[in-house]
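One structure below.
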Amino acid sequence: MFSVTLPDGSSKEVPAGATPLDIARGIGTRLADAAIVARVNGDLWDLTRPFEGDSSLEILTTRDPEALEVYRHSTAHLLAAAVLELFPGTKLGIGPPIKDGFYYDFQRETPFTAADLAAIEAKMAEIRDRDLPYGRLLVPKEEGLKKYEALDEPMKCELIEERAGEIFSEYTLGPNFIDFCRGPHIPSTKKIKAFKLLSIAGAYWKGDENRHQLQRIYGTAWYSAKELEEHLNKLEEAKKRDHRLLGRQLGLFAVDEKVGQGLILWKPKGSIIRQELQTFISEHLRRQGYSQVFTPHIGKLDLYKTSGHFPYYADSQFPPLVDREQIAQLAGEGCSCAQLSNLLDKGEIEGFLLKPMNCPHHIRIFDSDPHSYRDLPVRLSEFGTVYRFEQSGELGGLTRVRGFTQDDAHIFCTEEQVPQEVEGCLELVKIIFSTLGMKDYRVRVGLRDPDSAKYVGDPAQWDRAEAACKAAAASLGVPFSLEPGEAAFYGPKIDFVVQDVIGREWQLGTVQVDYQLPQRFDLTYAGPDNKPHRPVMIHRAPFGSMERFVGVLIEHFAGAFPLWLSPVQAVVLPISDRHLEYAKQVHQRLLDAGIRAELDDRSEKVNYKIREAQLAKIPFMLVMGDREAEQGAVAVRNRKHGDLGAKPLDEFIAETTALIAAKAVSE
RNA sequence: GCCGGCGUAGCUCAGCUGGUAGAGCGUCUGAUUUGUAAUCAGAGGGUCGCAGGUUCGAUUCCUGUCGCCGGCUCCA
């Protein structure tokens, strides 16, 4: 007999061989029905796995987030079983649960098609209806390896070699399916109520682009058809907020294949949003003692050799700009492209680079004057456009582009000033997020990966810089995560990360502490001892890039920007031609008051004009007919609150300009 | 860059197994003078992404290429 202790402190005596499910049934059929998995002595445990001694037990039901992961993982096994029934010989990779669903990686000669997906889904339902138990078996490692070799499952063998202990567990599903798996799983397939396969994608084995590529099938699974439907609806709704769609509908930006992939054309309306954001942050920069600078879009290759950007990141740079005649001459001498590239690397040919970062230019500005410790910190800011040759498969919308403008600045300060300066930078990011009402972000402290060689500089400096970042993040008052491998090559950083409508994460604001570049450029300032000292640099961009930030912002507001950012803040709608004269006067008054207003003087019905303005998400529609013209009034309609009734024009202007000045998030 | 899917009028999309294309909305013109989410009528608009190939004939099949979408990898 074992003693099993429940969360309420009570305990039950059970015979050897008893399972968590037995106890759940003993407590009640409703609990047994809702039960997905157990927690035994702190570990997740199959409901049907017998106790192995005196235990604590918790039954996890559909209410527990961990249970949902188990449920989805079990659905992934169901997917794999269906694939093997339909396509024998397919090799299995891995099949974990993920946010909102699961995937399974397969290796097969012929790619899966959309039609296959439907067939697989049907087969899954068929297997599910067989009510098969998820059976747990224990196998000694050597014996297991032989078995999976016999099954011709090379990836499973590789996983066993790497991960399995002396005895490992595997899970069966019916007589023909077996999978090396830590588990746990739901008791049987009949628990799976609602699932759908969503997409097929390529994925490298073990995420390594040098290894073979697998076909990944993504799916989603829920406890009920209703939840599944809601989830699918949510995905549909999210698509409508996609900044790529809204960007076109609202006329904010365009990407033109004749101009080039990933190169953003800001249309007039989008430019207003960007300009307003720049004006907004510039005011805060001024208050924080920043100076503004301008630098060119290119610089000599040598500059980037000094900084370390070239040639180490040659793959993500646009090709160097080299003198035409020099190239012609080299070509005449039979110089190959590879040799040319080599000559560039060695610095034997001079050329220019489209700048991938602004820092080298700012450094040269700093270094153009001698500095005393009394001058520091020096804070140089620039809305600097940089160019990076991102992989073509990565480009999309405004979030991943090849030319973008950072709201960049570099702070040159003493080591003692670092904590205070970093906090000042974080303050800027906080101002942005709070002004725009953005709450869904996470803070990531990117640290170096001790196993990687891509970082420059000595470890002691890294340690100090990482400590400074951790301390600053801690002072922020919001949760943050420490993430090794996420540092910049020259230093650790604090990033603000948000999600787009389809759940992809994007880094926006960033603050990076850098001990390397001042050294590489041999920057100094005169200390109190009148000897040269090395300044520390802080790179920071509170928006990150204007492109990405606006992209995220479009989705955040679903295109309905707050008044102060709206490209058109009010539209004047005369009811008929005889109100046109008054409408023009109103329009001009609005423009004079600094309100971005348009006049819709088309001979259309007011309903039609309202509909268009509404779809354009214009905050205020001012309808005017005889009554308004007589009284010097405007009938105000708000995009969200509808008809607000008539009020004197002066009053509307006063209220609206106040809302704009306050950067109110809603009208 | 890799895997898969897609590319028909400005936009959204239809077009069966090869016989050079159609709708709605937008645009333009005319009529209408309108009170809080679409007034009516007419017209214009596409070398079916681009380049080759197969074929008597290709938007439709094949190859290449460019671009877009999803995922992977990457992101100084």
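Just so we're on the same page: letters track the sequence lines, and every chain starts at 1.
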(request) Check the distance between B:C2's C1' and A:Y204's OH and give it to me in whole angstrom. (result) 3 Å

(message) From CE of A:M621 over to P of B:U34, roughly how many Å is that when rounded to an integer?
(response) 22 Å

Residue [X], side-chain atoms from C-beta onward, closest of [options]:
X: A:Y608; options: B:G35, B:A76, B:U27; result: B:U27
X: A:I502; options: B:U36, B:G71, B:U27; result: B:G71
X: A:S392; options: B:G35, B:G4, B:G1; result: B:G1
X: A:A201; options: B:A76, B:G70, B:U34; result: B:G70
X: A:A635; options: B:A37, B:U36, B:G67; result: B:U36
X: A:N607; options: B:A37, B:G70, B:A76; result: B:A37
X: A:S576; options: B:U33, B:C72, B:U36; result: B:U33
X: A:Q261; options: B:A76, B:A37, B:G67; result: B:G67
X: A:V623; options: B:A76, B:A37, B:G35; result: B:G35
X: A:I575; options: B:A38, B:G70, B:U34; result: B:U34

Need one value for [X]: base, sugar-phosphate or nothing, where a base atom within 4.0 Å counts as base even if backbone is also close, heavy atoms only.
X: A:Q213; answer: base
X: A:P356; answer: base
X: A:Y313; answer: base
X: A:Q516; answer: nothing
X: A:R578; answer: sugar-phosphate
X: A:A613; answer: nothing
X: A:Y312; answer: nothing

(request) Measure centre to centre between the rings of A:Y304 and A:F310, then say whether the value is under 6.0 Å. (result) no

Is [N] paired to anything, Watson-Crick or G-U wobble with both distances less than 3.5 Å, and if yes, which nucleotide?
N: B:C6; answer: B:G67
N: B:G57; answer: none
N: B:U39; answer: B:A31
N: B:C72; answer: B:G1
N: B:G26; answer: none

(request) Working to the nearest 0.5 Å, report the span between NE2 of A:H410 and CG of A:L517. (result) 8.0 Å

Review item, side-chain donor-acceptor pairs of residues 253-260 of chain A, under 3.5 Å, at least two apart:
unit_1	atom_1	unit_2	atom_2	d
A:D256	OD1	A:K258	N	2.7

(message) For A:T405, give me all partners under side chain to side chain donor-acceptor pair (under 3.5 Å), at least two apart in sequence or on another chain.
(response) A:R274, A:T385

(message) If you assign each of A:V255 and A:E209 to its closest nucleotide in RNA chain B, which residue comes earlier from the 5' end?
(response) A:V255

(message) Counting distance alone, no hydrogens or angles: does the base of B:C69 have a donor or acceptor under 3.5 Å from a partner atom on the side chain of A:R244?
(response) no

